[in-house]
Amino acid sequence: MTSKGPEEEHPSVTLFRQYLRIRTVQPKPDYGTNPTLSSILLNSHTDVVPVFKEHWSHDPFEAFKDSEGYIYARGAQDMKCVSIQYLEAVRRLKVEGHRFPRTIHMTFVPDEEVGGHQGMELFVQRPEFHALRAGFALDEGIANPTDAFTVFYSERSPWWVRVTSTGRPGHASRFMEDTAAEKLHKVVNSILAFREKEWQRLQSNPHLKEGSVTSVNLTKLEGGVAYNVIPATMSASFDFRVAPDVDFKAFEEQLQSWCQAAGEGVTLEFAQKWMHPQVTPTDDSNPWWAAFSRVCKDMNLTLEPEIMPAATDNRYIRAVGVPALGFSPMNRTPVLLHDHDERLHEAVFLRGVDIYTRLLPALASVPALPSDS
Ligand SMILES: CSCC[C@H](NC=O)C(=O)O
Ligand SMILES: [Zn+2]
Ligand SMILES: [Zn+2]
C-alpha cells in the first residue's frame, strides 16, 4: 500500500514529492530561479458581498451550472474566479515544468469588501509583505460585456462623508428659523448639483470613462424623533469616489465651504478618506505594462485601460510603491459583481486560465530592472 508505481500514486503524494524537489534551503531559498529579482504578486480576496436570496434564480452558494454553461454564485465574478484562475495557471505551468527568473506569489486576503482595513491595508505594512519583495501585482478588475477586456491602472479614492446639521428645535407647527433640516437641505443641494455636473461632464465626453470623473451618492439620511418635533440634529451621508487627478486639498475645501455656506452648526466628518491614489503607467516606459500588453496583443485580446470606479486592495499595493493592474479576464460578460444572479460562463472562466498561463511567464521573465537592485 505504501509504494505504488508513479501511475498509481496518490495525487497528494505526487504534490508532496514535487514540493520536496524545490530547494528552498536557507539562507538562499530557491523560490524562483533568480531570487535577487523582485517578485510577481497575484492577489485576490476571499470574501464576498451579501446576497438577497429571494432575487436569485439559483442558490447563490450552490454554484449551479445551467445547461448553457453559466455558473451562478456570489463571487463568480468578484472574485473567486480569479483566485482559482491564478491557481490553475500556476498549476499548469508547474506541471509543464516551467521555471521563471522571478518568483510568483499568491495572496488570498480577507475583508476587501469592507475596505480591507483588517486585510490588505495591514498586510502591506507587515514585514511578511516586504519579504515578498513584490515588483508588480495583479488584482481584480471588472467584467466587460463586449469583446474587449478592461484593465485598471488606477482607482478613484473613496471618501465617505457624513454632514451633520444642528439647528433650533421646536414645535413642528411653527415656521422656525435656522432649522437643522433647512441647512442640511442646502448642503445636499450643493453636493447633488456637483453630482449632476460630473454626470454631465461624463455624458458629454465620449472619451471619459466612469472612473475619470468624481461620483457621489447620497446614501443615508438620519435624524428626527416625531412628526411634530423639529429635530435639533440631522445628518446626510455621502459616498464620494474622487478621481485621481483631482486636487484633494481644494476638493476638501470645497466640501467645507458648502457646509459653511449652509449656515452655522453644519459640520462634516470622514468615515473613509483615501488620500494616496497612484497611477500605474500604461505605456512602454513601464516594463510590466509592456509585458502585459504584449501578451494580450499576441493573444489578440483587446484591452480597454481604465480607472477603477470602486476601491480594491490594489490601492494599498500601489500606495507602498508596487505598480499594479486590476484585471479579471472576463469579456462578453455582463457586469454582475455585487448584483443578483452573479454568474460567469465556464468557457470565459477557462479562457481566463489560458490568459494567465500566458501572462505569468511573461511577467515572471521581465528582465532585471533598476528597481530590483
Ligand atoms: C471604501 S472601502 C469599500 C471597498 C469596496 N470595494 C468593493 O466593492 C467599495 O465600496 O468600493
Ligand atoms: Zn472584489
Ligand atoms: Zn466587490
Side-chain angles (χ1 to χ4, degrees), residues 41-52 56 60-61 72-86 106-124 137-144 149-162 209-220 237-244 246 248 251-252 269-278 306-319 324-330 333-344 349 352:
L41 176 63
L42 306 178
N43 186 55
S44 59
H45 64 81
T46 58
D47 58 324
V48 296
V49 291
V51 293
F52 300 92
W56 283 67
F61 296 101
Y72 288 71
R74 178 56 86 222
Q77 293 193 10
D78 180 14
M79 63 172 299
K80 289 183 171 176
C81 51
V82 172
S83 307
I84 299 297
Q85 285 165 330
Y86 290 158
M106 286 181 275
T107 45
F108 301 86
V109 301
D111 281 7
E112 189 278 342
E113 297 292 5
V114 290
H117 307 299
Q118 303 294 314
M120 197 46 116
E121 185 169 20
L122 290 182
F123 184 48
V124 296
L138 288 177
D139 200 333
E140 67 189 306
I142 298 180
N144 188 320
F149 293 80
T150 316
V151 56
F152 297 96
Y153 57 90
S154 186
E155 294 191 359
R156 298 197 293 196
S157 297
W159 282 21
W160 290 356
V161 180
R162 188 158 101 139
K209 302 279 191 215
E210 198 177 346
S212 320
V213 303
T214 297
S215 72
V216 57
N217 278 291
L218 171 57
T219 47
K220 253 197 236 180
S237 302
F238 300 90
D239 181 346
F240 284 89
R241 303 298 170 122
V242 187
V246 165
F248 279 28
F251 191 66
E252 186 173 349
E269 64 197 317
F270 289 94
Q272 301 261 353
K273 189 184 186 198
W274 183 249
M275 295 292 282
H276 313 284
Q278 297 290 334
E306 286 188 26
I307 296 163
M308 169 65 84
T312 77
D313 284 336
N314 251 344
R315 72 189 183 284
Y316 301 122
I317 298 173
R318 292 192 187 105
L325 295 173
F327 182 62
S328 298
M330 298 181 282
T333 301
V335 175
L336 290 170
L337 75 170
H338 298 203
D339 204 343
H340 312 316
D341 275 348
E342 180 178 353
R343 61 189 177 273
L344 182 61
F349 168 79

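One-based numbering, in listed order, for ligands and for the atoms of each. These numbers come from a predicted model, not from an experiment. One is the number of the first residue; the rest follow in order along the sequence. Basis for what follows: all heavy atoms, side chains included, without hydrogens, waters or symmetry-related copies.
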Tell me whether D78 has at least one N, O or S atom under 2.8 Å from the Zn ion (ligand 3). yes

Within the 4.0 Å heavy-atom shell around E113, which atoms of ligand 1 are there? 7 (C), 8 (O)

Has H45 got an N, O or S atom lying less than 2.8 Å from the Zn ion (ligand 3)? no

Quick one: look at R241 and ligand 1, take heavy-atom pairs under 4.0 Å, and tell me if it's side chain, backbone, both or neither. side chain

Which residue and non-hydrogen atom of the protein lie closest to atom 2 (S) of ligand 1, and at what distance in Å? G115 CA, 3.4 Å

Between R343 (side chain) and T333 (backbone), is there a donor-acceptor pair under 3.5 Å? no

Please report whether ligand 1 has a polar contact with R315, defined as an N or O pair separated by less than 3.5 Å (distance criterion only). no

Is the CD atom of Q272 crowded by more than 12 outside heavy atoms at less than 6.0 Å? yes

Closest to the Zn ion (ligand 3), which N/O/S atom of E113 is it? OE2

Are side-chain N/O atoms of D78 and H45 paired as donor and acceptor at under 3.5 Å? yes

One finds that the ligand 1 atoms under 4.0 Å from a non-hydrogen atom of P158 are 1 (C)

Residue and atom name of the nearest protein heavy atom (relative to atom 8 (O) of ligand 1), distance in Å to one decimal: H338 CE1, 3.0 Å

Around atom 6 (N) of ligand 1, find the nearest protein heavy atom and jot down its residue, atom name and distance. A311 O, 2.8 Å

Going by distance alone, is a donor N or O of one side chain under 3.5 Å from an acceptor N or O of the other, for W160 and D239? yes

Touching ligand 1 at all, W160? Heavy atoms, strictly under 4.0 Å? yes

Can a side-chain donor-acceptor contact be found between E155 and T312 if the only test is distance below 3.5 angstrom? yes

Validation row, ring centre W274 to ring centre F248 under 6.0 Å: no

Using modelled atom types only, decide if a donor and an acceptor are shared between the side chain of R74 and the backbone of D339 within a distance under 3.5 Å. yes

Do the ring planes of W159 and F270 sit parallel (below 30°), tilted (30 to 60°) or perpendicular (above 60°)? perpendicular

Please identify which atoms of ligand 1 are closer than 4.0 Å to at least one heavy atom of A310. 11 (O)

Under a 4.5 Å cut-off applied to non-hydrogen side-chain atoms, are Y153 and V151 in contact? no

Of the backbone and side-chain N, O or S atoms of E140, does one lie nearer to the Zn ion (ligand 3) than 2.8 Å? no

